[in-house]
Number of protein chains: 2
Amino acid sequence: MNENTAPLQRAEAEEYASWFKALADATRIQIVSLLARRRAPMSVGEIVTASGVGQSTVSHHLKILAEVRFVLVERQSTSSLYRINEACVSCFPTAADVVMGNPVPAAPTCE
Amino acid sequence: MNENTAPLQRAEAEEYASWFKALADATRIQIVSLLARRRAPMSVGEIVTASGVGQSTVSHHLKILAEVRFVLVERQSTSSLYRINEACVSCFPTAADVVMGNPVPAAPTCE
DNA sequence: ATCGTCCATCGACGATATTCGATAAATGTG
DNA sequence: CACATTTATCGAATATCGTCGATGGACGAT
C-alpha cells in the first residue's frame, strides 16, 4: 500500500478538490460522456441539442471542463470543436490517490 | 476500450455526480486523507484539532462522507469513532468509468 | 456592407454549500 | 442529582454554483 504518512496540507487538498469538482455536476458528466462516445469532435450547437440545456449553459460547462484540460478546443471558422482529452481521462486522480497522498497530477495538454 | 455507445441518461449522471461531489471539497479531502493515514479510528475531537476547522463543520462533513460510505462510524460511550472504508476507496468510480459508461458502483457497507 | 450563424460573456436569479456559534442530546463522573 | 465532556443538530450568514436570457464579437455568405 505504501502510504505517505505526512499530513496533507491545505493547498494540495484544494488542487485535488478542483479535479473532482469538474465531475461533480450531472450536466458536465453528460457532456463528457457524450464527447467520449462520439469519437469525433462536436460543435457547441451539437452538444446543446444533444444535452437539452441552454447554449450559454453548455458554453459555461465546456469552459470549466477545458480549464482542467478534460476537453480540448479547436476553433474552426465560426464554430468551436470540442473533443475529449484521452490523456486527461487516465491521469484523473483516483480516490486511492487522494487517500494515499500521491502527488497531484498536472493536466496534460495533449499537443 | 470497449465503450458503451448508448447515451448516458440523466439519472445515471446524477449518481456519478454524487460520488464526485463527496470529494469535491478541500476540507473533506483533508479529513479523508487524515483518516487514511492513521490506520486507527479517530474521534471527532481529534479530527477537529488536526484539521483546524470548527467542530460543527467537521461533524457536518463527516456526515456527508458517511452517507456515501466513504467513512464508517462506531459509537463508543460518549465519542464517535470514524475510520476510512477501504472497500469504498477502491470502488470509487474513475474518470474512465464515467467516460466509458460503466455501471455506477454502489457504496459498500463493509460489515 | 449587410445579414445570418455560431459561440463566449455578462448580469441576474434561485438553489445549494460551507462555515460558524449556540443549543440540545447522550453518556460518563463526582 | 448535578456537572463535565463529547457529539449532533439547528439557525443564520456568507459564498459558490447552475441556469437562463440578452448582448456582443467573430466569421462566412450574399
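Throughout, protein chains are lettered first and strands after them, A, B, ... in sequence-line order, and every chain is numbered starting at 1.
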Taking [atom1] from [X] and [atom2] from [N], how many angstroms apart are they, rounded to a whole number?
| X | N | atom1 | atom2 | answer |
| --- | --- | --- | --- | --- |
| A:Leu65 | D:dG18 | CG | C1' | 13 Å |
| A:His60 | C:dA12 | NE2 | P | 17 Å |
| B:Glu14 | C:dA15 | CD | P | 16 Å |
| A:Leu81 | C:dC6 | CG | C1' | 11 Å |
| A:Phe20 | C:dA17 | CZ | C1' | 19 Å |
| A:Leu62 | D:dT19 | CG | C1' | 15 Å |
| A:Arg75 | C:dT5 | CZ | C1' | 12 Å |
| A:Gln76 | D:dG28 | CD | C1' | 13 Å |

Query raised in the report: On a plain distance test, is the side chain of B:Ser77 in donor-acceptor contact with the base of C:dG28 below 3.5 Å?
Result: no
With respect to the phosphate group of [N], does any side-chain polar atom (N or O) of [X] fall under 4.0 Å of OP1 or OP2?
| X | N | answer |
| --- | --- | --- |
| A:Arg28 | D:dG18 | yes |
| B:Ser56 | C:dT19 | no |
| B:Tyr82 | D:dT6 | no |
| A:Thr57 | D:dT19 | no |
| B:His61 | C:dT19 | yes |
| B:Lys63 | D:dT7 | no |
| B:Thr78 | D:dT7 | no |
| B:Ser59 | D:dA8 | yes |

Query raised in the report: To the nearest 0.5 Å, how far apart are CD1 in B:Ile84 and CZ in B:Phe70?
Result: 5.5 Å
Query - Straight-line distance of A:Phe92 CZ to B:Thr94 OG1, nearest 0.5 Å - result: 9.5 Å
Could you check which of [options] has an atom nearest any side-chain atom of [X]?
| X | options | answer |
| --- | --- | --- |
| B:Arg10 | D:dT19, D:dT9, C:dT18 | D:dT19 |
| A:Val53 | D:dC20, D:dT9, C:dT19 | D:dC20 |
| B:Ser80 | C:dC20, C:dC6, D:dA8 | D:dA8 |

Query - Close side-chain approach of B:Pro93 to B:Pro105, heavy-atom, < 4.5 Å - result: yes
Requested in this report: Taking the side chain as every heavy atom from C-beta outward, state whether A:Leu65 and A:Arg28 have any atom pair closer than 4.5 Å.
Outcome: yes
**Report entry** Of B:Glu46 and A:Ala24, the one whose closest DNA chain D nucleotide lies more 5'
**Finding:** B:Glu46
**Report entry** From CA spacing to verdict: side chain to side chain contact (heavy atoms under 4.5 Å, CB included), B:Leu81, B:Met42
**Finding:** CA-CA 5 Å; B:Leu81 298 182; B:Met42 296 178 72; over 6 Å; no
Query raised in the report: Want to settle it: does B:Gln55 or B:Ile64 sit nearer the 5' end of DNA chain C, counting the closest nucleotide to each?
Result: B:Ile64
**Report entry** Minimum heavy-atom distance B:Leu8-A:Ile29, with the two atoms named
**Finding:** CD2-CG2, 3.6 Å
